[in-house]
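Down below is the structure, laid out as structure tokens.
Below, chain A is the first sequence line, B the second, and so on; all start at residue 1.
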There are 2 protein chains.
Amino acid sequence: MAKDRRQMIIQAATKSFSLFGYKATTMDQVAKLANVGKGTIYTFFKNKEELFNEIVTELIKEMKATAEASFDENLSFYENANRALFQILAFRKEHQLTIKLFQEEREIGTPAVLEFMERLEQTVVNYIKNILQTAIDKGEIKQCNPEITAFVMLKLYIALIFDWEQSRKPLEKDEISKLFELYIFKGLSNR
Amino acid sequence: MAKDRRQMIIQAATKSFSLFGYKATTMDQVAKLANVGKGTIYTFFKNKEELFNEIVTELIKEMKATAEASFDENLSFYENANRALFQILAFRKEHQLTIKLFQEEREIGTPAVLEFMERLEQTVVNYIKNILQTAIDKGEIKQCNPEITAFVMLKLYIALIFDWEQSRKPLEKDEISKLFELYIFKGLSNR
DNA sequence: TTATGACCATTTTTCAAAATCGGTCATTTC
DNA sequence: GAAATGACCGATTTTGAAAAATGGTCATAA
């Protein structure tokens, strides 16, 4: 039962963060869930925030892996970007930990959680940026600032998936995909 | 001094809302500023929220007028949309009342203020929607859902003006204009 | 050497008293 | 007598001090 204590602690903390968020998770709670003394946690992690960082760093890695897994060399830039963003935002919606943290960001604004969100956004933007750079180099898309473009693509996706359904009927997956193509890729112009 | 009491009250309330926001403005405060008894306010306005609505309705009208003033029949759809959105978001940044209300939305989330924000967004989307519909009818741009498109355009503008400068160096006005043209109008595709 | 939980300083929560608020209406003003 | 007023009311919010809880430590136990 008490084999790899470090793993037990991470498991327990993940569970608690997912259920209660960062702020409402106590170290006593984690210790109890992990079946270790509280002091033991501090032999593996400097403090609560580092324990949290360990977990969310892993989460971000997983998200990146999911996005990368959906990448297909033979598909167009647009197809790949669309897939990547969709995977990432689907991940957000499906994993209890990210759901809880998004809620905590909005409702409490816990600094550690805000930092995580920034890191997450930066990671996504960087990933899309790479896809963009490749497409630019291949001449598949116009010259453009990859950082700003990646940023805009992410914001567009968030607008279509999250913001739109704040007040209107949610859009279907392939509707979103079509709109994404229209706005960012093809452009509205007829000339 | 006590000429048009209604105007005095509106002036005083506007000042107080601009300085302290909706929640932190008291009816006593407004009465004092307007040099009237508190009861007098209630002979003109049903309650605090209606006084507020009167003022922000006027504000929204002004914004719309500013946007409409910058409209030029002879310019392209892109030019007009860009001008309209720029005017509107510049208005936001320059008027003390909107600045304060945006802050209150983020920091407190006062219901009356949230309602105003929704109304504001809806008005902007509707206005852009009209410009879009005209451009579609003229065949200047592709067939598209004008509501979603207007929504996306607004969100893109907000992303470029407000969100980007949360963490990075603000973009210049003509940079934003160029990016807007690139993403929404021309599209990234080289094919 | 490693694990632990009683312990500590600090922060957060609680909760009741006090203050403040939006709104009313009997009285005053013109 | 119509319009204006501010003392007043019930409801909500703020305050502040006591109590509880929390992150982190470290002397002791395993």
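To the nearest angstrom, C1' of D:dA4 lies 14 Å from CE of B:Met8. Atom NZ of B:Lys48 and atom C1' of C:dG22 are 8 Å apart (whole Å). Atom CD1 of A:Ile41 and atom P of D:dC26 are 17 Å apart (whole Å). Distance CG (A:Leu51) to C1' (D:dT22): 15 Å, rounded to an integer number of Å. The nearest whole Å value for the distance from the CE atom in B:Met27 to the C1' atom in C:dG22 is 7 Å. Counting to the nearest Å, the P atom of C:dT4 and the CG atom of A:Asp28 are 13 Å from each other. Rounded to whole Å, atom P of D:dT25 lies 15 Å from atom CZ of A:Phe45. When the C1' atom of C:dA6 is taken as reference, atom NZ of A:Lys32 falls 13 Å away, rounded to whole Å.
Inspection of the B:Asn53 and B:Glu49 side chains reveals no N or O donor paired with an N or O acceptor under 3.5 Å. Between the side chains of B:Thr110 and B:Glu104, at least one donor N or O sits under 3.5 Å from an acceptor N or O.
Here D:dG23 is the nucleotide among D:dG23, D:dA4, C:dG22 with the atom lying nearest to any side-chain atom of A:Thr26. Checking D:dA4, C:dT4, C:dT13 against the side-chain heavy atoms of A:Lys23 singles out C:dT13 as nearest. With distances taken from any side-chain atom of A:Arg5 to the nucleotides C:dA3, C:dG23, D:dA4, the minimum falls on C:dA3.
For the pair A:Lys93 and A:Phe162, the distance from NZ or CZ to the six-membered ring centre is under 6.0 Å and the angle to the ring normal is within 45 degrees.
Counting distance only, with no hydrogens placed and no angle test, the side-chain atoms of A:Lys38 and the base atoms of D:dG23 include a donor-acceptor pair under 3.5 Å.
Between B:Thr43 and D:dA3 there is no side-chain N or O to OP1 or OP2 distance below 4.0 Å.
Between A:Phe17 and A:Tyr22, the distance from one ring center to the other falls under 6.0 angstrom.
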